[in-house]
Amino acid sequence: MRRRIYDKIAPMVLSFLTFSLAFYQLLKIYHMENLFSQNLVIIALFCLVAGLLSKWFIRLPLYFFILCGGLFLNFSQNLAFSVTWANAFWQRVVNLGELFLDGRIGYLPEEIAVSLVLLIVSLLAELLIEYERVVISYLIIIGYMLFLIIYNDIELPLEIVLFASFGLVHRFLFVHKKNH
């Protein structure tokens, strides 16, 4: 366990910083910045699970529960965390998805956007920390940021440079570890 922590601490920290910065941009677009501190905990939990637990059959259900917890923290709808909340949230997502796909609303609803981004964060945490697929993961993150720039008419040059820098540092650490 100690060796795993030593090997995974740098990827965990870099992944946490990357995901935090990317998720903040999404929250800013939907005017949900006040939920950033709660989402930092969710992102940290994704990174910790990916970095500390070596068995996939333990990580997978934990990812699911963290994802559900993150969605509840963002969209509790004045309900307790229960099957009732999960059913109400699922119905809302399905209804909003139908409206979006039918073209009756011209934006991606925040419930769907946050759900998708949290799911992608869990997958990218696994790719970056456990499987060390740095290049493809950072290309996905930078592509996501470019998508935000194009469709939301915002400018994020500093954030793009930071993501590229985090990716280069992450890749350097991986190559350096591999050569030793």
Side-chain angles (χ1 to χ4, degrees), residues 15-47 49-50 59-129 131 133 135-164 166-167:
S15 297
F16 173 75
L17 293 172
T18 302
F19 299 147
S20 299
L21 185 59
F23 204 79
Y24 180 73
Q25 300 308 318
L26 175 75
L27 292 176
K28 198 163 72 172
I29 288 168
Y30 284 103
H31 307 292
M32 298 170 59
E33 299 99 327
N34 58 332
L35 300 174
F36 183 60
S37 59
Q38 298 170 354
N39 286 296
L40 279 179
V41 174
I42 299 302
I43 292 168
L45 288 173
F46 279 132
C47 293
V49 166
R59 284 193 314 263
L60 192 63
L62 284 175
Y63 286 144
F64 176 74
F65 287 119
I66 294 168
L67 178 65
C68 289
L71 292 173
F72 176 75
L73 286 175
N74 286 297
F75 308 105
S76 65
Q77 300 172 343
N78 296 323
L79 296 172
F81 186 69
S82 63
V83 175
T84 305
W85 169 81
N87 188 33
F89 180 76
W90 179 253
Q91 289 303 317
R92 179 150 172 80
V93 167
V94 168
N95 291 338
L96 288 170
E98 289 173 357
L99 290 173
F100 179 72
L101 292 175
D102 288 344
R104 289 186 266 167
I105 53 177
Y107 67 97
L108 188 63
E110 56 269 6
E111 288 90 345
I112 295 174
V114 170
S115 299
L116 288 174
V117 171
L118 281 176
L119 179 65
I120 290 170
V121 164
S122 68
L123 295 172
L124 288 176
E126 188 74 9
L127 275 177
L128 277 170
I129 298 168
Y131 296 105
R133 301 291 185 236
V135 175
I136 187 70
S137 299
Y138 277 94
L139 285 175
I140 290 170
I141 293 167
I142 291 172
Y144 162 72
M145 296 310 293
L146 293 174
F147 179 81
L148 289 180
I149 290 168
I150 291 168
Y151 288 103
N152 293 293
D153 196 32
I154 56 175
E155 295 182 17
L156 302 171
L158 179 62
E159 287 81 356
I160 298 292
V161 170
L162 280 172
F163 288 129
F166 288 156

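Computed from heavy atoms alone, side chains included, the values below leave out hydrogens, waters and symmetry copies.
- For the residue pair Q77 and A88, the shortest heavy atom distance occurs at OE1-CB, 3.7 Å.
- In this structure, W85 contributes its side chain and F75 its backbone to a donor-acceptor pair below 3.5 Å.
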### Query
Run the side chain to side chain contact (heavy atoms under 4.5 Å, CB included) check on I42 and F23 step by step: do they pass?
CA-CA 11 Å; I42 299 302; F23 204 79; over 6 Å; no
### Message
The test is side chain to side chain contact (heavy atoms under 4.5 Å, CB included); show your working for N152 and F147 and say whether it passes.
### Response
CA-CA 8 Å; N152 293 293; F147 179 81; 5.9 Å; no
### Task
Show the numbers, then the answer: is there a side chain to side chain contact (heavy atoms under 4.5 Å, CB included) between F89 and S115?
CA-CA 11 Å; F89 180 76; S115 299; 3.5 Å; yes
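- When all heavy atoms of F163 and T18 are compared, the pair lying nearest together is CE2-O, 3.3 Å.
- Within 6.0 Å of atom CZ in F64, 12 or fewer heavy atoms from other residues, nucleotides or ligands are found, so the atom counts as exposed in its surroundings.
- Atom CZ of R104 and atom CG of L99 lie 5.0 Å apart (nearest 0.5 Å).
- When atom types are taken as modelled, the side chain of S122 and the backbone of L119 share a donor-acceptor pair closer than 3.5 angstrom.
- The shortest side-chain heavy-atom distance between W90 and V94 falls under the 4.5 Å cut-off.
- Judged by distance alone, the side chain of N95 and the main-chain N or O of Q91 form a donor-acceptor pair under 3.5 Å.
- Within a 6.0 Å sphere centred on CD of E155, heavy atoms belonging to other residues, nucleotides or ligands number 12 at most.
- With contacts defined as side-chain heavy-atom distances shorter than 4.5 Å, the pair F46/L67 qualifies.
- Here the closest heavy-atom approach between residue L148 and residue I154 is recorded as O-CG1, 3.8 Å.
- Within the 4.5 Å cutoff, the side chain of F81 has no heavy atoms near those of the S76 side chain.
- Interatomic distance, OH of Y63 versus CG of L45, reported as 11.0 Å (0.5 Å rounding).
- Separating the CD1 atom in I136 from the CD1 atom in I141 is a distance of 10.5 Å, to the nearest 0.5 Å.
- Taking all atoms of both residues into account, the shortest heavy-atom contact from F19 to A125 is CZ-N, 3.6 Å.
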### Query
So N74 and M32, side chain to side chain contact (heavy atoms under 4.5 Å, CB included) or not? Walk me through it.
CA-CA 9 Å; N74 286 297; M32 298 170 59; 4.1 Å; yes
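- The two atoms that bring I129 and S15 nearest to each other are CG1-OG, 3.6 Å, heavy atoms only.
- If you take CG on L146 and CG on L156, they are separated by 9.0 Å, rounding to the nearest 0.5 Å.
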#### Entry: Trace of the side chain to side chain donor-acceptor pair (under 3.5 Å) decision for Y144 with Q25
CA-CA 10 Å; Y144 162 72; Q25 300 308 318; over 6 Å; no
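- Separating the CD1 atom in I120 from the CG atom in L26 is a distance of 10.0 Å, to the nearest 0.5 Å.
- The local environment of CG in D153 is sparse, with at most 12 non-hydrogen atoms from other residues, nucleotides or ligands closer than 6.0 Å.
- The distance from atom CD of E126 to atom CZ of R59, rounded to the nearest 0.5 Å, is 4.0 Å.
- For L40 against F16, the heavy-atom pair with the smallest separation is O-CE1, 3.5 Å.
- The neighbour count for Y151 OH, taken as heavy atoms of other residues, nucleotides or ligands under 6.0 Å away, does not exceed 12.
- Within the 4.5 Å cutoff, side-chain heavy atoms of Y30 are placed close to those of L108.
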